[in-house]
Amino acid sequence: FAATDPYHGRELYMIHAPPSPTSPGDEGYHNPLRVAPRPILLADIESGTESSNPSGITSSGGQLPIYFAAYSASSGIELWMSNGESLPIRTTASNPNTQVVGSETVMVADICSGTRNSSPKYLTWYKGKLFFQANNGLLGNEVYVAEPEVVGSHPGSTTMSNGLTMADGTFLKVTVTMFIDIRLGLVSSNPAYFTIMPSPLNPSDEYMYFTASDGYLMGGAAGGAGSGSVIPNTNSEGVPEEEPYGGSQLWRYACFQAQ
């Protein structure tokens, strides 16, 4: 979760629950308050009193790692991830009352290169992939996808900006690409409110719905070879559903596993 303190600004925190003491020599054996769950700093992305303002924190099925949007002075607001693993807790010399935990927290991709913001929003998991809205500075706000892949041990020559090492020592590589440019050119389609719902015909299959505007209500764009299709959702008469004033349509993406 995101929280603010006067020494670090608004940054990424976690609740740390130390193991329960079992013998008189264990920390907290005589003082249970010392091992009570407490919030600790997970990552000070924008160091000092400046804030990275983490938002949209999510994970796949409640499992590590977590993904979120955050700000850094060097890259703007981009997609980040953290393995959430705590190293030995330590206090800082300048603020001995603050518990700081070390973890591996990295930027996944600088989608809008340089200090400009890609501003990832609506982070949503579907079929093992993370879908979200982002802007690369050239094609407006469109649908992006992050695809995690375990590639074994850390590939030494690969920069840490596209993945991180998990607790078991494996390296999780994450590839980020534009999934579909619904409204071609500089104008944004503004995809939003990604929602996963079961198919009305087969509850074991799921659709991903979201709102977006193609500017023409043409639709039917493909989401990449073999990845399913992205089409405007239609009503019972086969007419695309469109907001009468805002111009956005309800879109649907389906990616079913082959039987």
Side-chain angles (χ1 to χ4, degrees), residues 1-2 12 52-71 76-84 105-112 117-136 139-150 162-164 172-183 188-200 202-214 219 221-224 226-233 240-241 243 246 248-257:
F1 63 96
L12 188 65
S52 69
N53 291 311
S55 63
I57 301 170
T58 187
S59 68
S60 177
Q63 303 297 312
L64 293 171
I66 58 172
Y67 296 77
F68 57 96
Y71 168 83
I77 303 173
E78 296 293 345
L79 183 67
W80 287 70
M81 65 190 298
S82 176
N83 62 10
T105 300
V106 298
M107 183 171 66
V108 178
D110 190 5
I111 296 171
C112 190
N117 303 325
S118 73
S119 301
K121 297 182 180 72
Y122 308 108
L123 278 63
T124 304
W125 285 95
Y126 177 63
K127 302 293 185 179
K129 301 177 182 180
L130 182 64
F131 291 83
F132 57 97
Q133 178 200 114
N135 189 326
N136 66 1
L139 299 173
N141 298 326
E142 297 295 343
V143 183
Y144 279 75
V145 61
E147 302 181 57
E149 176 189 7
V150 176
N162 68 338
L164 50 70
L172 186 68
K173 178 181 178 181
V174 182
T175 303
V176 176
T177 57
M178 178 182 288
F179 182 66
I180 184 172
D181 186 9
I182 292 176
R183 191 162 188 172
S188 300
S189 70
N190 291 315
Y193 309 114
F194 298 94
T195 303
I196 312 304
M197 296 184 66
S199 164
N202 185 354
S204 64
D205 290 332
E206 292 180 324
Y207 290 112
M208 181 175 72
Y209 293 88
F210 59 96
T211 61
S213 174
D214 63 5
S227 64
S229 60
V230 180
I231 60 173
N233 197 56
E241 299 178 4
E243 294 182 6
S248 293
Q249 305 99 38
L250 179 63
W251 290 68
R252 183 183 72 206
Y253 170 56
C255 181
F256 301 149
Q257 300 294 325

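Because the structure is a prediction, the values reported are computed rather than measured. These values consider heavy atoms only, across backbone and side chains, with no hydrogens, waters or symmetry-generated copies.
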Write down the atom of [X], the atom of [Y], and the distance for their closest heavy-atom approach.
{"X": "S189", "Y": "E142", "answer": "OG-OE1, 2.6 Å"}
{"X": "A69", "Y": "P120", "answer": "CB-O, 3.7 Å"}
{"X": "D214", "Y": "R183", "answer": "O-CG, 3.7 Å"}
{"X": "P65", "Y": "S59", "answer": "O-CB, 3.5 Å"}
{"X": "A146", "Y": "V176", "answer": "CB-CG2, 3.9 Å"}
{"X": "P198", "Y": "P203", "answer": "CB-O, 3.7 Å"}

Side-chain heavy-atom pair [X], [Y] within 4.5 angstrom cut-off:
{"X": "F132", "Y": "I111", "value": "yes"}
{"X": "L79", "Y": "V174", "value": "no"}
{"X": "K173", "Y": "T175", "value": "yes"}
{"X": "L172", "Y": "N83", "value": "no"}

Can you tell me how far [atom2] of [Y] sits from [atom1] of [X], rounded to the nearest 0.5 angstrom?
{"X": "L139", "Y": "D181", "atom1": "CG", "atom2": "CG", "value": "5.0 Å"}
{"X": "F68", "Y": "T105", "atom1": "CZ", "atom2": "OG1", "value": "5.5 Å"}
{"X": "D205", "Y": "K127", "atom1": "CG", "atom2": "NZ", "value": "6.0 Å"}
{"X": "T124", "Y": "M208", "atom1": "OG1", "atom2": "CE", "value": "7.5 Å"}
{"X": "L12", "Y": "N53", "atom1": "CG", "atom2": "CG", "value": "12.0 Å"}
{"X": "S52", "Y": "M107", "atom1": "OG", "atom2": "CE", "value": "12.5 Å"}

ring-ring contact (aromatic ring centres under 6.0 Å, His included) partners for F1, two or more places apart: none
Does Y71 have any ring-ring contact (aromatic ring centres under 6.0 Å, His included) partners at least two apart in sequence or in another chain, and if so, which? none
Could you walk me through whether M81 and Y67 satisfy the side chain to side chain contact (heavy atoms under 4.5 Å, CB included) test, starting with their C-alpha distance in whole Å, then the side-chain angles of each, then the deciding distance to 0.1 Å, before giving a yes or no? CA-CA 4 Å; M81 65 190 298; Y67 296 77; 3.7 Å; yes
Any carboxylate oxygen within less than 4.0 angstrom of a Lys/Arg side-chain nitrogen, looking at E147 and K129? yes
Using the ring pair (Phe, Tyr, Trp, His ring centres under 6.0 Å) definition, which of the options Y209, Y144, Y193 pairs with Y122? Y193
The single option from F210, F194, F179 that satisfies ring pair (Phe, Tyr, Trp, His ring centres under 6.0 Å) with Y253 is F179
Look only at the side chain of [X] and the backbone of [Y], and say whether a donor-acceptor pair between them is shorter than 3.5 Å.
{"X": "Q133", "Y": "P191", "result": "yes"}
{"X": "E78", "Y": "V108", "result": "no"}
{"X": "N117", "Y": "I77", "result": "yes"}

Name the residue from I66, V106, L64 that meets the side-chain contact (heavy atoms from CB on, under 4.5 Å) definition with S82. I66
Taking atom types as modelled, find out whether W251 and Q249 have a side-chain donor-acceptor pair closer than 3.5 angstrom. yes
